[in-house]
Amino acid sequence: MMGRSTNVDAARSIARQMNEQGGTYHRLDLGNGLVVDGDYDMRHYLAYYHLPQALGGMTVLDVGTSSGFFAFECARRGAKVTAIDIWDDTCPVAGLSRALDLQITYVQKNLYDLDASFGTFDLVICGSLLLHLPDPVGAVRALRSVTGRRLIVSTAAVSGSANATEPVCHFLGQRAGDGDYWAYWALSAPALERMALAAGFSRVDHVEHFELRSQPNRTPYSTAHVALSAYV
């Protein structure tokens, strides 16, 4: 996936440096042999997100972009993408998108600081972030404030979520062993659905469950997930 006028050498240098440092969160395959190693290859899970095949003419906000898998994927499908996270502009998505001249703008911003003044986007994506936030209800409200049409959100699921009828929020309260962050919540599908409706979305569909597993050559992680789409 190369942009309109690329600096391939710069992109390869960034990718090489990232791989020498152990890779990153997402495995990124940007085409022409440009691959960044990562813990998770999200290509295996795209079907659960029901991402449109064609995004030409659409604006996308990737919230908690991390190393940028969804930002790059949406740009590949034709969208004009804004990606946000709490890191400065040395994060992978910023450097690689500049080198490849992709339609991705990186902004250092906390999800909780989102409001309508930031703009509204046709599609908002928030993958595997709510579990790390102390206030998931406030987070979904913030996501609603910038969603023009559709939100795709995924997060950690409680055991039995696929058959759950009750809105269960299980407090984990676990500090990560590989960094300064926490896992706070696992939700049942009804809980995530009701959060979306309470935040002002009109309906929910595409409720999916899957097991998010790290790559074989990485530290082994496996987390049950629920994903859904919420519409304005």
Side-chain angles (χ1 to χ4, degrees), residues 1-3 6-49 51 60-77 79 81-108 111 125-133 152-157 174-183 208 210-227:
M1 177 182 60
M2 298 297 174
T6 65
N7 187 339
V8 177
D9 288 342
R12 291 191 189 283
S13 177
I14 294 170
R16 182 172 59 252
Q17 184 178 44
M18 292 168 63
N19 287 332
E20 289 172 352
Q21 294 172 349
T24 186
Y25 182 76
H26 297 126
R27 184 183 187 275
L28 303 174
D29 186 342
L30 301 173
N32 292 336
L34 184 57
V35 176
V36 178
D37 292 331
D39 293 330
Y40 298 98
D41 188 345
M42 295 304 297
R43 295 176 302 176
H44 300 316
Y45 307 98
L46 271 175
Y48 300 110
Y49 288 80
L51 192 66
V60 172
L61 178 64
D62 182 20
V63 179
T65 189
S66 186
S67 44
F69 173 83
F70 285 108
F72 289 120
E73 184 63 25
C74 290
R76 186 183 71 80
R77 298 183 187 209
V81 180
T82 300
I84 69 167
D85 214 314
I86 59 174
W87 319 115
D88 63 25
D89 65 1
T90 61
C91 74
V93 65
L96 284 171
S97 61
R98 283 195 299 265
L100 298 174
D101 193 27
L102 299 173
Q103 290 196 85
I104 300 173
T105 300
Y106 178 77
V107 179
Q108 183 181 12
L111 178 153
I125 301 173
C126 182
S128 299
L129 180 60
L130 293 187
L131 68 157
H132 299 302
L133 301 178
I152 301 175
V153 59
S154 69
T155 192
Q174 298 172 348
R175 186 167 186 166
D178 60 351
D180 187 18
Y181 63 97
W182 290 72
E208 299 277 9
F210 60 95
E211 194 78 15
L212 182 64
R213 294 185 175 90
S214 54
Q215 288 290 93
N217 59 334
R218 311 289 290 189
T219 303
Y221 292 111
S222 182
T223 306
H225 267 60
V226 55

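None of the values given here were measured: they were computed from a predicted structure.
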Considering all heavy atoms, the nearest Val36-Ala15 contact
CG2-CB, 3.8 Å
Taking Tyr25 for its side chain and Phe69 for its backbone only, find out whether a donor-acceptor pair lies under 3.5 Å.
no
Determine, stepwise, if the pair Arg27 / His44 fulfils side-chain contact (heavy atoms from CB on, under 4.5 Å).
CA-CA 11 Å; Arg27 184 183 187 275; His44 300 316; over 6 Å; no
Would you compute the distance between atom CZ of Phe72 and atom CG of Asp29 and round it to the nearest 0.5 angstrom?
11.5 Å
Any side-chain to backbone donor/acceptor pair from His132 onto Trp182? Under 3.5 Å, distance only.
yes
Please report the interatomic distance CZ(Arg16) to CD(Glu20), rounded to the nearest 0.5 Å.
6.5 Å
For a quick test of reading the model, state the closest non-hydrogen atom pair linking Leu129 to Gly64 and the distance between them.
CD2-CA, 4.0 Å
Please name the pair of heavy atoms, one in Ile152 and one in Leu51, separated by the smallest distance, quoted to 0.1 Å.
CD1-CD1, 4.1 Å
Checking Asn32 side chain against Leu34 main chain: does a donor-acceptor pair fall under 3.5 Å?
no
Over all atoms of both residues, closest heavy-atom pair of Leu111 and Val63:
CD1-CG1, 3.4 Å
Atom pair CG/CG of Leu30 and Leu102 - distance to nearest 0.5 Å:
7.5 Å
Determine whether a donor-acceptor pair (N or O, by modelled atom type, separation under 3.5 Å) exists between the side chain of Thr223 and the backbone of Leu212.
no
How about Phe70 and Tyr49: are their ring centroids closer than 6.0 Å?
yes
Please determine whether side-chain contact (heavy atoms from CB on, under 4.5 Å) holds for the pair Leu96 and Leu28, giving the CA-CA distance in whole Å, both sets of side-chain angles, and the decisive distance to 0.1 Å.
CA-CA 10 Å; Leu96 284 171; Leu28 303 174; 4.1 Å; yes
Donor-acceptor contact present, side-chain Ser154 to main-chain Ser128, <3.5 Å
yes
For atom CD of Gln108, is the number of surrounding heavy atoms from other residues, nucleotides or ligands below 6.0 Å larger than 12?
yes
Output the distance between atom CG (Asp85) and atom OG1 (Thr65), rounded to the nearest 0.5 Å.
6.5 Å
Taking every heavy atom of Ser222 against every heavy atom of Glu211, the minimum-distance pair comes out as OG-OE2, 2.8 Å
Without swapping roles, check the side chain of Asp39 against the backbone of Ser214 for a donor-acceptor pair under 3.5 Å.
no
Main-chain N/O of Tyr106 paired to Asp62 side chain as donor or acceptor, under 3.5 Å
no
Heavy-atom check, side chain of Arg213 versus side chain of Tyr45, under 4.5 Å
yes
For the residue pair His26 / Ser66, report whether a side-chain donor-acceptor contact shorter than 3.5 Å exists.
no
Let me see the working for Thr155 and Val226 under side-chain contact (heavy atoms from CB on, under 4.5 Å), right down to the final yes or no.
CA-CA 6 Å; Thr155 192; Val226 55; 4.1 Å; yes
Does the side-chain contact (heavy atoms from CB on, under 4.5 Å) test come out yes or no for Arg77 and Val60, once each step is laid out?
CA-CA 11 Å; Arg77 298 183 187 209; Val60 172; over 6 Å; no
Please check: side-chain N/O of Arg218 versus main-chain N/O of Gly23, any donor-acceptor pairing under 3.5 Å?
no
Rounded to the nearest 0.5 Å, the CZ atom of Arg43 sits from the CD atom of Glu73 at a distance of 9.5 Å
Rounded to the nearest 0.5 angstrom, the CZ-CG distance for Arg98 and Asn7 is 12.0 Å
